[in-house]
Amino acid sequence: MGERASSLLSLPETEAIGRPVADVIQAEDLDGAIFGEVDSALRATIDGGATWTSPLSGIAAKGGDHQMFLSINIRPLRRGALVLVADAGPVREILDAHDALVSVTSHELKTPLTAIKATAELLVSYNIEAPERQHMMGDIYKQAERLELLIREILDTSQLDSGRVTLDPAPVDLKETVAEVLDELQSQTTEADLLVKIPALFPMVWADRPKLRQILVNLITNAIKYSPQHTSVVLTATVQDQKVRVAVKDRGIGIKSEDQSRLFKKFQRIPDPATRNTSGTGLGLYIVRGLVELHGGSIDVVSTYGKGSTFAFTLPLAKAALGAGA
Ligand code: ADP
């Protein structure tokens, strides 16, 4: 047994020699019973020269006291067999992300599409009078926007993952950008009391303006979406340690501390009775984190369940960035 295999299985080489493979690689089925699949595959290879490969998702195994997934490949040698053991964790992550992508997108695609189709069908089949007709066309528009957002989020995620997002940074007036964003969110902001606290004569930040807008739209939309109607959302900006810190504070449903760290990962939505009816992919904060980090900043959340949350991110000062580049 090689050194790598020994560390993967948390078992010293000396303890592995001479023991059945199923003991060394403690492969388990779902009920935790050790199954002899690997052992019998090894026997078949030794006796009959067959090659054996574990399923792509790996085989559940014990490494010390934790569970892991191993990819196992058994090949015949002239005498005996060679067992190649690798960590299947990264492959599983891809498969899990793929499963989540399929289930989230099929649900998030189907819901608005069904609504669009049904409403359009009514409009085509019946002679619907003006006010109702207008209302229904408004619904179609909203659902189409939801579809557009979903597609944009999936594309953004795939571009971030493959490192294809590039920044075009320049000195940006934060106050002006926030005002533009609030304009863009006009229909939603009527649902909340939005306060902006940015000091007069605030220094320029170093940012890609459209991407900064995207970060702000996302955090403000979430603050409104995860709060009861007509509560206050406060956006503040301060200069701290040669960086600008932008915070979006809401008095919404809040997030339990055990859920806070996974929010910035892909497809993470926190089940909460209050949000059962909100739609979303769980990609927004993943994209926000990616964009903030591309700017050289960081993002964090401080939240009290039932009271509200503050999402804050940092951006470089234009002065500092230009100084460093000069
Ligand atoms: P989405 O809103 O599409 O679900 P996000 O990535 O933007 O995806 O957010 C992930 C999850 O984090 C949300 O589903 C929600 O559970 C939680 N969340 C985000 N922002 C807030 C907030 N301001 N207050 C409470 N929960 C939030």
Side-chain angles (χ1 to χ4, degrees), residues 96-97 100-112 142-143 145-161 165 178 181-182 184-185 188-189 191-196 211-236 245-294 298-313:
D96 287 350
L101 178 73
V102 171
S103 88
V104 169
T105 46
S106 49
H107 176 262
E108 282 297 307
L109 275 173
K110 221 169 155 188
T111 316
K142 262 194 226 150
Q143 297 296 344
E145 272 191 323
R146 187 173 153 190
L147 279 179
E148 198 181 28
L149 175 71
L150 167 71
I151 291 164
R152 208 180 323 132
E153 284 188 335
I154 291 170
L155 289 179
D156 283 350
T157 302
S158 116
Q159 287 190 333
L160 275 170
D161 284 348
V165 180
V178 169
V181 166
L182 296 193
E184 189 179 322
L185 295 178
Q188 286 181 43
T189 48
E191 290 171 24
D193 181 13
L194 236 148
L195 287 171
V196 178
K211 299 208 167 52
L212 173 58
R213 279 172 58 153
Q214 194 178 348
I215 294 168
L216 291 166
V217 166
N218 219 301
L219 294 181
I220 298 170
T221 309
N222 275 354
I224 299 169
K225 186 165 146 190
Y226 299 108
S227 299
Q229 271 199 333
H230 307 296
T231 51
S232 68
V233 172
V234 186
L235 185 146
T236 47
R245 183 176 168 84
V246 184
V248 179
K249 180 180 170 137
D250 66 56
R251 291 164 180 268
I253 60 169
I255 305 146
K256 291 181 186 149
S257 49
E258 66 263 32
D259 291 326
Q260 290 173 13
S261 61
R262 66 184 170 99
L263 288 181
F264 300 101
K265 293 191 180 143
K266 251 186 265 183
F267 299 115
Q268 296 296 327
R269 304 199 76 215
I270 313 298
D272 190 290
T275 57
R276 205 167 290 150
N277 292 325
T278 64
S279 62
T281 53
L283 289 176
L285 287 177
Y286 176 76
I287 296 168
V288 166
R289 192 195 73 188
L291 294 179
V292 166
E293 287 177 355
L294 273 179
S298 60
I299 181 160
D300 59 63
V301 59
V302 177
S303 182
T304 309
Y305 187 58
K307 291 234 162 89
S309 317
T310 302
F311 285 83
F313 64 96

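Residue numbers run from 1 in the order of the sequence given. Indexing begins at 1, ligand by ligand and atom by atom, following the structure's order. These numbers come from a predicted model, not from an experiment.
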Check your understanding: Just by distance, do the side chain of Lys249 and the backbone of Gly308 share a donor-acceptor pair under 3.5 Å?
Key -> no
Practice item. Could you list the residues that satisfy side-chain contact (heavy atoms from CB on, under 4.5 Å) with Thr231, not counting sequence neighbours? Key: Ser227, Pro228
**Study point:** NZ/NE/NH1/NH2 to OD/OE distance under 4.0 Å, Arg251 and Asp193
**Key:** no
**Study point:** Of the listed options Leu150, Val288, Leu285, closest to atom 5 (P) of ligand 1 (non-hydrogen atoms)
**Key:** Leu285
Review point. What protein heavy atom is closest to atom 12 (O) of ligand 1, reported as residue, atom name and distance in Å?
Key: Leu263 CD2, 3.1 Å
Check your understanding: In the protein, what heavy atom is nearest to atom 10 (C) of ligand 1, and what distance, to one decimal place, separates them?
Key -> Gln268 O, 3.1 Å
Review point. Are any of the N or O atoms of Ile270 closer than 3.5 Å to those of ligand 1?
Key: yes
Review point. Under 4.0 Å from any heavy atom of Arg269, which atoms of ligand 1 are there?
Key: 1 (P), 4 (O), 14 (O)
Revision key, fill the gap. Paired with Pro112, the side chain to side chain contact (heavy atoms under 4.5 Å, CB included) test is passed by just one of Lys142, Glu145, Gln143, namely Gln143
Revision key, fill the gap. The protein heavy atom nearest to atom 7 (O) of ligand 1 is Asn222 ND2, 2.8 Å
Check your understanding: Nearest protein heavy atom to atom 3 (O) of ligand 1, by residue and atom, and its distance?
Key -> Thr281 N, 2.9 Å
Study note, to complete from the structure: If you scan protein heavy atoms around atom 23 (N) of ligand 1, the nearest is Asp250 OD2, 2.9 Å
Review point. Taking C-beta and beyond as the side chain, do Leu285 and Phe311 meet within less than 4.5 Å on heavy atoms?
Key: yes
Review point. Where is the nearest protein heavy atom to atom 26 (N) of ligand 1: which residue, which atom, and how far?
Key: Ile255 CG1, 3.5 Å
Practice item. Ignoring hydrogens, just give me the one of Tyr286, Phe264, Tyr226 whose non-hydrogen atom is nearest atom 15 (C) of ligand 1. Key: Tyr226
**Study point:** Sub-4.0 Å atoms of ligand 1 with respect to non-hydrogen atoms of Lys225
**Key:** 1 (P), 2 (O), 3 (O)
Exercise for review: Flag the pair Leu216 / Phe313 as yes when at least one side-chain heavy-atom distance between them is below 4.5 Å, and no otherwise.
Suggested key: yes
**Study point:** Glu108 side chain to Ser279 backbone, donor-acceptor under 3.5 Å
**Key:** no
Practice item. Compute the minimum heavy-atom distance from Ser309 to ligand 1 and say whether it is under 4.0 Å. Key: yes
Check your understanding: ligand 1 and Ser279, any nitrogen or oxygen pair closer than 3.5 angstrom?
Key -> no
Review point. Among Ile287, Leu291, Val246, whose side chain to side chain contact (heavy atoms under 4.5 Å, CB included) with Ile215 holds?
Key: Leu291
Point to revise | Set of side-chain contact (heavy atoms from CB on, under 4.5 Å) partners for Ile151, sequence neighbours left out | key: Leu155
Review point. Against heavy atoms of Leu283, which atoms of ligand 1 measure under 4.0 Å?
Key: 6 (O), 8 (O)
